[in-house]
Amino acid sequence: MGMMSGKKVVIFGVANKRSIAWGIAQALLREGATLALNYQNDRMEESVRKLCAELPGDTFLAPCDVTVPGDIDKFFSKLGSEFGPLDGLVHSIAFAKREELGGNFVDTSWDGYQLAQHVSAWSLIGLAKGAMPLMEGRDGSIVCLSYYGAEKVVQNYNVMGVAKAALESSMRYLANDVGPRGVRVNAISAGPIKTVSAMGVADFGSLLEGMAQKAPLRRNIDQMDVGNTATFLLSDLARGITGQTIYVDAGYSILGA
Ligand code: NAD
């Protein structure tokens, strides 16, 4: 019996097989969880539906674009009636305009700033609010995905670094807010992984190279490294951990100059 046996988890952020959320889905399934997924919009429906069909068992699937008014409410209302109570929520979504992920940070536009914050940081609050009624009495766990650029300046990460700082801070405020109801909230700060979103960051290849050369483990991390840690945080093994950012980065973040 796996450590997630009998647990129901909703994952936001599967776009394709490279998505970190897909690695998390694999690890959760291996440990016996039942999954619900979203797809962002009509354009992505077919590919996510095909991926879902590869998964064992029945997977709940419904649309949710966190920037579309009413989408979050609709998603959770359908989830509540068709999937039932919830033990876990994974927030693995982010977006910034490509032109804001390179060049000078001082050129960040208000539009680009708002969009990055809306999709990448506020959405954690919106999704947690949607999930809370379904987690009542279940000792739920919420996990989101961050990056080192939240706390240190990483070349070209720009507006997304500021959004990740807001995400990590929101994670801590949420942890304090929902803790008395038995719900935990944590972030995983993952090292760079080649995904569609990551490729939007100018010169992303040099982040991968730098990490493989300098990190204590002298390697990059992969989706399953993150998936396994997310599964631990979603499981009862982590029942004393909340409000934390856990690094899955081959140790890179401990390095000084
Ligand atoms: P990805 O492109 O596979 O996933 C990003 C997801 O965000 C997609 O599923 C996309 O549909 C979703 N999304 C974007 N805008 C949305 C919206 N308006 N509404 C709903 N969903 C929306 O990329 P990924 O690298 O797997 O990213 C997952 C998470 O991991 C993100 O938070 C990202 O910042 C974080 N992260 C990635 C890396 C990396 O190097 N890949 C490192 C650390 C953290």
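Residues take their numbers from the sequence shown, with the count starting at 1. For the numbers below, each heavy atom of this structure counts, side chains included, while hydrogens, waters and symmetry mates do not. All ligand and atom numbering here is 1-based and tracks the order in the structure.
- Among the atoms of Ala190, none of the N or O lies under 3.5 angstrom from an N or O of ligand 1.
- Heavy-atom proximity to Val14, at under 4.0 Å, picks out these atoms of ligand 1: 9 (O).
- For ligand 1, the polar-atom distance check against Ser197 finds a nitrogen or oxygen pair separated by under 3.5 Å.
- Any N or O atom pair closer than 3.5 Å counts here, and Asn38 shares no such pair with ligand 1.
- The cationic group of Lys194 does not satisfy the cation-pi geometry with Phe204, failing either the under 6.0 Å distance to the six-membered ring centre or the 45° limit from the ring axis.
- Of the heavy atoms in Ile20, both backbone and side-chain atoms come closer than 4.0 Å to ligand 1.
- Remark: ligand 1 and Ile193 share an N or O pair separated by less than 3.5 Å (distance only, no angle test).
- Listed by first then second residue, pairs satisfying salt bridge (charged side-chain N to carboxylate O under 4.0 Å, His left out) with a partner in residues 83-100 read Asp87-Arg138, not counting sequence neighbours.
- Close approach to Gly13 involves these atoms of ligand 1, each under 4.0 Å from a residue heavy atom: 4 (O), 6 (C), 8 (C), 9 (O).
- Residue Met44 approaches ligand 1 through these ligand atoms, each under 4.0 Å from one of its heavy atoms: 11 (O).
- Not one N or O of Phe204 is nearer than 3.5 Å to an N or O of ligand 1, by distance alone.
- Residue Ser92 holds the heavy atom nearest to atom 28 (C) of ligand 1 of all those in Ala187, Ser92, Gly23, Ala121.
- In terms of N/O distances under 3.5 Å, ligand 1 is approached by Thr195.
- Judged purely by distance below 3.5 Å, without hydrogens or angles, the side chains of His118 and Ser123 never pair a donor atom with an acceptor atom.
- Residue Gln40 has at least one nitrogen or oxygen atom sitting less than 3.5 Å from a nitrogen or oxygen atom of ligand 1, judged on distance alone.
- The option from Met211, Lys164, Met160, Met199 that lies nearest to atom 34 (O) of ligand 1, judged by heavy atoms, is Lys164.
- Considering backbone and side-chain N/O of Pro192, none are found under 3.5 Å from N/O of ligand 1.
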Please report the C-alpha distance between Tyr247 and Tyr252 in whole Å, then the side-chain angles of each, then the deciding distance to 0.1 Å, and finally whether the ring pair (Phe, Tyr, Trp, His ring centres under 6.0 Å) criterion is met. CA-CA 9 Å; Tyr247 294 85; Tyr252 188 85; over 10 Å; no

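- Among the atoms of Val196, none of the N or O lies under 3.5 angstrom from an N or O of ligand 1.
- Here Phe60 and Phe75 bring their ring centres to under 6.0 angstrom of each other.
- At a heavy-atom cutoff of 4.0 Å, ligand 1 is contacted by no atom of Ser123, backbone or side chain.
- Glu31 and Thr231 form no side-chain donor-acceptor contact under 3.5 Å, judged by distance and modelled atom types alone.
- Side-chain atoms of Asn220 come within 3.5 Å of backbone N or O of Leu208 as a donor-acceptor pair.
- Side-chain N/O atoms of Asn228 and Arg30 include a donor and acceptor closer than 3.5 Å.
- Any N or O atom pair closer than 3.5 Å counts here, and Ser19 shares at least one such pair with ligand 1.
- Between atom 43 (C) of ligand 1 and the options Ser146, Cys144, Gly149, Ser189, the minimum heavy-atom separation is to Ser146.
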